[in-house]
2 protein chains.
Amino acid sequence: MSAGLTERRQVILKLVIQEFVETATPVASETLVRKYRLNVSSATVRNELAALEELGYLTHLHTSAGRVPTDAGYRFFVENLMERTTLSLAEQRTIRHQFYQVRGELDQWIQLAGAVLARTTQNASLVTPPRVAERLRFRSLELIGIHELMVLAVLVFHGGIVKQQTIALDTARSQEELRRSAARLSDYLADQTLSGIEELLTRDPGQQPLQLSEFERSMLELILRAMQLFEEQAREQIYSDGLLEMLSQPEFIPALARDDAERAVQRLRRALEILKSGRGLEPLIPQALASDGVQVIIGGENSADEMREYSVVLARYGVENAVAGVLGVIGPTRMAYPRSISTVRYISSLMSNLLAELYNAESRDQPNPDQ
Amino acid sequence: MSAGLTERRQVILKLVIQEFVETATPVASETLVRKYRLNVSSATVRNELAALEELGYLTHLHTSAGRVPTDAGYRFFVENLMERTTLSLAEQRTIRHQFYQVRGELDQWIQLAGAVLARTTQNASLVTPPRVAERLRFRSLELIGIHELMVLAVLVFHGGIVKQQTIALDTARSQEELRRSAARLSDYLADQTLSGIEELLTRDPGQQPLQLSEFERSMLELILRAMQLFEEQAREQIYSDGLLEMLSQPEFIPALARDDAERAVQRLRRALEILKSGRGLEPLIPQALASDGVQVIIGGENSADEMREYSVVLARYGVENAVAGVLGVIGPTRMAYPRSISTVRYISSLMSNLLAELYNAESRDQPNPDQ
DNA sequence: CTTAGCACTCGCGGCTGTCGAGTGCTAACT
DNA sequence: AGTTAGCACTCGACAGCCGCGAGTGCTAAG
């Protein structure tokens, strides 16, 4: 029965979703008619609602409760009904200004992106640090004596990525000695990736272009280990923020939750676990990295079971062929999708521009292998 | 009436607290007699409980509910009744081992300390990074060209503290030029504190021991700003962890909370706010820095009003006259104080030893002003 | 000082009845 | 054929009530 999604049904579906997102309570036919001045009676709307339900876009917890969108309903909304918005110019300016304040500090960008996403969408945010495309490429090494048996090694990689580590020595080295070793190693390893260095290390000693001292070889081992560790943990790490913002959503407030307090708190605890451990989020990252534009994952559509009640809005950011990370928003499926999407889109392009400044600049003075 | 705190009352108080900490439900006279095989009847115990209540160590929400310790009760327990315990050797070994895994990385120590505190006490933890006593002392500067107009400045301070910042230049500089400037500035500023540098900067140009180029002067300004920023934010920053562990305490689980679910969730939200913003915690930090041993702040004893339901166990860690930070545990007043205290004590001494390795080592090759 | 005994207080779970919101259906209307 | 009024029906929310059980506080006797 019921001839599919007519124009009017689409309008009504859209209104139901808007209303539900706004109020967080099931929406009644009467409410729709009153609030949106529909020129039909509530009975008609009820018929349409029943049809939409049959089509799978809405549900009902029980007779005599308003309608609630299903995942499929949200999906249709996001795909076809939603108008594409952008952040207001004033908001854009404010955000740009904040980023300007911390220019030059990648870590701060990440943190700021997280904070801004959370604040403007009133949901939790997640940001992964930009990962170098392919592999980390070595640039130079500085060894700074902190004391005769203690050295601070500063590893600098292409793209302004820096990793520091203090290292204990077994025999004392002068500052000058350290400088020379650092310079030799820097030359030796310049522009190498992790696997390149691994290869160098296993190469027959006779073939080495440069004889390394015992000390330098042991430094090299350390560098290698640091790089491995760094690449590994960079892959996993998901920075997140805005827990508090998300928890101000009615879903998490027992007094407002339609179901009972018990559920609200379990939800809360689960949300914490998801954000802290990243479980349930991880599978989404590579997916987002691989695709253009803003990805929307709604409820149980894709992810692990514990994510059934949450939606995630993700976008890649970075510089083509150089670095890429992922940032986005996570919140209850009842989410203001247009706003989340436009915020994520804006922040990701902002971050991309900031990174491009760093990277395009750098690539100019880099040897281009194709020339 | 009631001749003060007799021996027996102390025993009973102790039992009440142990029992309440364990079960999180008000404890009844009958329970005490049964569980701890007291050789008196429950009626006698009731008389004693009444006396303890009159003395201010216990309360009850209404007639016919078991007794609950007051802040004063906990205080007396901590001060006089509790036996001083230490972590088991096995636990100590496990913890030491974990720290050994990340040797050489101060940031990791802090994170690890937070995680271990949280896990072993099942409460939230807080750790402030070790602050340099007096002021930050400059050690050296490295300038690493990332590209002709982009430089990575690595500021190294005494004690292995490193701060990095990328800086945009207006005119290109060669790597060699950067190296020379860095060396000159390093010499010029070596061992200076922030105020020392400020003084140098304002000094009459004629008096300067060294003529700086325009470029070097502008670098110097940047260094100064970075140091100011760093000192400031180091003071404020409180790292925290273990939210999830704390939330597994019955106080935060509506089904188990004696009062209602509503309260449990407000508590939860408030705990989040305290940990995220650090408000309510900040006043405790300087206090802990100024005193030896483990500090215990119980409920409303000291802190802001929103901390009324929480206790904090804090200790200083660090190296005398060199660096000091604070670490500790925060949780509901119904806390296993002996365990918290011994854990905090152990971790703080462990961290102190680790830092001492770094610092005593360093001070050996530092010029001693008294010689 | 200790104890048995007992009245008294409360919280809690279960049960009931009422109210109101909202739907679903039917029959009449355009 | 689509729309609408009308109305029965469903279900959750809420308040009130009852009885139970846990635990105290008091008293009087040992």
Side-chain angles (χ1 to χ4, degrees), chain A residues 1-9 11-12 15-16 19-20 23-35 37-54 58-68 250 254-264, chain B residues 1-9 11-12 15-16 19-20 23-35 37-55 57-69 254-264:
Chain A
M1 76 198 65
S2 70
L5 256 191
T6 62
E7 181 73 22
R8 188 169 68 181
R9 285 177 191 165
V11 172
I12 290 180
L15 291 181
V16 170
E19 182 67 14
F20 183 64
T23 64
T25 49
V27 355
S29 53
E30 182 63 29
T31 315
L32 287 176
V33 175
R34 221 180 334 102
K35 189 153 175 183
R37 310 219 172 284
L38 302 187
N39 290 322
V40 290
S41 77
S42 66
T44 308
V45 174
R46 273 203 292 283
N47 288 332
E48 298 293 56
L49 290 176
L52 283 166
E53 182 157 356
E54 186 138 356
L58 297 177
T59 1
H60 241 182
L61 318 237
H62 50 270
T63 358
S64 129
R67 295 313 203 290
V68 168
L256 303 181
R258 303 178 302 308
D259 35 23
D260 62 328
E262 201 57 43
R263 294 281 297 273
Chain B
M1 76 201 62
S2 71
L5 256 190
T6 61
E7 183 72 23
R8 189 170 68 182
R9 285 177 190 163
V11 172
I12 290 180
L15 292 180
V16 170
E19 183 68 13
F20 183 65
T23 64
T25 49
V27 355
S29 53
E30 183 63 29
T31 314
L32 286 177
V33 175
R34 221 180 335 103
K35 190 153 174 184
R37 311 219 170 286
L38 301 187
N39 289 322
V40 290
S41 75
S42 65
T44 308
V45 174
R46 277 203 291 283
N47 288 331
E48 298 293 57
L49 291 177
L52 282 166
E53 182 158 356
E54 185 138 358
L55 292 166
Y57 297 118
L58 298 176
T59 357
H60 45 51
L61 319 248
H62 50 270
T63 358
S64 133
R67 292 319 203 287
V68 168
L256 303 181
R258 302 178 302 309
D259 37 22
D260 62 329
E262 200 58 43
R263 293 280 298 272

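Chain letters run A, B, ... following the sequence lines, proteins first, then strands; residues in each count from 1.
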Distance, rounded to the nearest Å, where Ile12(A) contributes CD1 and dG2(D) contributes P: 14 Å

Listed once per pair and sorted, the salt bridge (charged side-chain N to carboxylate O under 4.0 Å, His left out) pairs that draw on residues 59-69 of chain B, sequence neighbours left out: Glu53(B)-Arg67(B)

Contacts of Val40(A) that satisfy side chain to side chain contact (heavy atoms under 4.5 Å, CB included) - sequence neighbours left out: Arg8(A), Leu38(A), Thr44(A), Val45(A)

Nearest atoms (heavy-atom pairs only) where Gly66(B) meets His60(B): O-CB, 3.6 Å

Closest nucleotide among dT23(C), dT24(D), dG25(D) to the Ala28(B) side chain: dT24(D)

Glu48(A) CD to dG2(D) P, straight-line distance once rounded to whole Å: 10 Å

Separation of dC1(C) P from Glu7(B) CD (nearest whole Å): 16 Å

Closest non-hydrogen atom pair between Ser29(A) and Ser42(A), with its separation: CB-O, 3.7 Å

Pairs under 3.5 Å (N/O, protein and nucleotides 28-30 of chain D):
none

Value in whole Å for how far the P atom of dG25(D) lies from CD of Glu54(B): 11 Å

Any His60(A) side-chain nitrogen or oxygen under 4.0 Å from OP1 or OP2 of dG24(C): yes

For Arg34(B), all residues meeting salt bridge (charged side-chain N to carboxylate O under 4.0 Å, His left out), sequence neighbours excluded: none

Length of the CD-P vector between Glu30(B) and dG21(D), whole Å: 16 Å

Glu48(B) vs Thr6(B), side-chain contact (heavy atoms from CB on, under 4.5 Å): CA-CA, chis, key distance, verdict: CA-CA 10 Å; Glu48(B) 298 293 57; Thr6(B) 61; 4.3 Å; yes

Phosphate-side-chain proximity, His62(B) and dG11(C), N/O vs OP1/OP2 below 4.0 Å: yes

Non-hydrogen side-chain atoms of Val68(B) and Val16(B) separated by less than 4.5 Å: no

Partner residues of Thr23(B) under the side chain to side chain contact (heavy atoms under 4.5 Å, CB included) criterion, sequence neighbours left out: Glu19(B), Thr25(B)

Integer-rounded Å distance: dG11(C) C1' and Leu61(B) CG: 10 Å

5'-most by nearest nucleotide on DNA chain C - Val27(A) or Thr63(B): Thr63(B)

Rounded interatomic separation in angstrom, taking CG from Leu58(B) and C1' from dG23(D): 15 Å

Polar side-chain contact Ser64(B)-dT9(C) base: donor and acceptor under 3.5 Å: yes

Strictly under 3.5 Å: I want the nitrogen or oxygen pairs between protein and nucleotides 3-7 of chain C, one per line.
from: dT3(C); atom 1: OP2; to: Ser41(B); atom 2: N; distance (Å): 3.0
from: dT3(C); atom 1: OP2; to: Thr44(B); atom 2: OG1; distance (Å): 2.6

Rounded distance in Å - CG (Leu49(A)) to P (dA21(C)): 18 Å

For Leu58(B) against Pro69(B), the heavy-atom pair lying closest together: CD2-CA, 3.7 Å

Side-chain N,O (Arg67(B)) to OP1/OP2 (dG25(D)) below 4.0 Å: yes

